[in-house]
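Scroll down for the structure; my scribbles are underneath it.
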Amino acid sequence: MAESEAVMKVEDTSAASKATEPTPSKKDGDAETENIEELEMKGLKIVENVDDIVDEPGHIKSEELIEPETIKKVVADDTPYTSAKSFEDLNLSQELLQGLYSEMKFEKPSKIQAATLPMIVSPPYQNLIAQAHNGSGKTTCFVLGMLSRIDPQLKAPQALCVCPTRELVNQNEEVVTRMGRYTGITTASTATVETPSHLYSSRREKIVDQLVIGTPGTLKRWITKDKALDTRNIKILVFDEADQMFDQDGFQDDSLRLWRDINRSGKSCQVLLFSATFSEKVKSFAMKTIPKANYIFVEKEQLSLDVIRQYQIVCPDSRSKIDVLKNRIFPAAEKLGQSIIFVRTRGAASELHKCLEEDGHKCTSIQGGLTHEERDRVIKEFRAGETKILIATDVLARGFDQAQVTLVVNYDIPVKNTSNRHAYAEPDYETYLHRIGRSGRFGRKGAAFNLLVTQEDKRIMRSIEQHFNRNVPEVAWDNEEGIEHVLKDAGLA
DNA sequence: AAAAAAT
């Protein structure tokens, strides 16, 4: 099927940004990934430097830079995509441009946007699997993609965006609403509380909104059971946090099902996969599954955002983890901004919440066991800055974008679920990266503390260091000034 | 045993 595809590769670098939006930088790179090698083995031809993205180096202030990174772009056919140097290059409607400039306050495309947007918005509307750093402007890519492909005259669902959590659905809908403010495009979301009393009541009215955002379960029900979501006119399907959406241990079944339903009913539908992480397993599954796709990938070593300073704190016992949090981290953190404390289980979240509150620390917690209303309220308060400390399970590990978050604490180090209880716990590299990526949004500074107790904790931490090829320095748990000093060093205090 | 979504 792909025997005669010409493939081209672009090497470029990405950098961080100002408060509102990433600004790119330029540097040469010549790294090959397994991914590229795999493609070569499949007989695909790699063409060097067909397209290059050039930026004015003087444009970037040094403190805005993330470490230079290499992005691999692989194009599935011989379409000669030119990187978008400005949003005007993309043939967007006036209304959409107005949204970008006056509502979003964007000036020009970020590096990832420059590379992906032409592939998304121009014919033949090729499928895309794209990996880009946390906080590099991925959301803009797919939201702009969806908005630009919708026919404002046609009052029917034309774009669908699938997300792993309710919180992400809300956040993405917010971006859609803002960016699309002048287009008149309407949206529907599964997170909109329809009838609070009967949560799982079926939806009777047909959806006439043009852009639909949701979690997989409810979307599936809207399509198959309720027959409220007509998929015949859907021409673009987006998976946010796509590696989770295509992971066997995640939402793979639901995602494939949704995609199949749309393919059956409609004409050709463009599929976009976006995430900061793709494990080798999910990456090869996605590449096998999504036909004729363009690819954008980043090497794992390059993904670790070096603007986020990472530290490990070895604690003598699990009891002392709380003390470190209360006596060392909080006093320093409270002057900074907002913090998210990640724990492994729902129970641990409410337990830690209770424990900290009894000790007079104002905080809230969020996990999937809460009601939707409770979750919405906790997020609303945190967004408003009314709460500074938020305890969370991995419901918030991905995508949650709050600029004021400067500190992430891995109270429990992330491990993969293993069905074999005798096996060694396996580090969850992807979750680790997503969690620490909640700080340092758009190139701002951030810090992450990993609290370790057992030998297994330490082993997992070492694996994480090796995986991203980064040294994570240790801070003594009982050192009075250790934490404060380290935060100063991170440019935070 | 488990985050998440949802039945």
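Letters A, B, ... are given to chains in the order of the sequence lines, protein chains preceding strands, and every chain is numbered from 1.
- The CZ-P distance, from A:F239 to B:dA4, rounds to 21 Å in whole Å.
- Between A:F330 and A:H361, the ring planes are tilted. Angles from 30° to 60° get that label.
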Check: residues 141-151 of chain A side-chain donor-acceptor pairs under 3.5 Å, at least two apart:
unit_1 : atom_1 : unit_2 : atom_2 : d
A:S148 : OG     : A:L144 : O      : 3.1
A:S148 : OG     : A:G145 : O      : 3.1
A:R149 : NH1    : A:K235 : O      : 3.3
A:R149 : NH1    : A:Q270 : OE1    : 2.8
A:D151 : OD1    : A:Q153 : N      : 2.9

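- The ring-ring contact (aromatic ring centres under 6.0 Å, His included) test with A:F449 singles out one residue from A:W477, A:Y411, A:Y311, and that residue is A:Y311.
- Across all strands, A:Q367 comes closer than 4.0 Å only to sugar-phosphate atoms, never to a base (heavy-atom distances).
- A:R375 comes within contact range of the sugar-phosphate backbone alone, with a heavy-atom separation under 4.0 Å but no base atom that close.
- A:D247 comes within contact range of no nucleotide atom at all, as no heavy-atom separation falls under 4.0 Å.
- Separating the CZ atom of A:R344 from the C1' atom of B:dA4 is a distance of 14 Å, rounded to the nearest angstrom.
- Considering only side-chain N and O atoms, A:R166 lies nowhere under 4.0 angstrom from the phosphate OP1 or OP2 of B:dA5.
- Computed from coordinates, the A:E430 CD to B:dA4 C1' distance equals 16 Å when rounded to whole Å.
- Residue A:L219 contributes atom CG, which lies 19 Å from atom P of B:dA4 at whole-angstrom precision.
- Within the 4.0 Å cut-off from OP1 or OP2 of B:dA6, at least one side-chain nitrogen or oxygen of A:T215 is found.
- The interatomic distance linking A:Y411 (OH) with B:dA3 (P) rounds to 16 Å, in whole Å.
- Relative orientation of the A:F239 and A:F246 rings is perpendicular, given thresholds of 30° and 60° on the angle between their planes.
- Residue A:L396 contributes atom CG, which lies 10 Å from atom P of B:dA4 at whole-angstrom precision.
- A sub-4.0 Å separation between OP1 or OP2 of B:dA4 and a side-chain N or O of A:T393 is present.
- For A:F251, the listed nucleotide lying nearest its side chain is B:dA5; candidates were B:dA3, B:dA5, B:dA6.
- Here B:dT7 presents its C1' atom at 9 Å from NZ of A:K225, a figure rounded to the nearest Å.
- Note on A:P216: nothing from the nucleic acid sits closer than 4.0 angstrom, heavy atoms only.
- Rounded to a whole Å, the CH2 atom of A:W222 is 15 Å from the P atom of B:dA5.
- Under a cutoff of 6.0 Å and an axis angle of 45°, A:K300 and A:Y429 do not form a cation-pi pair.
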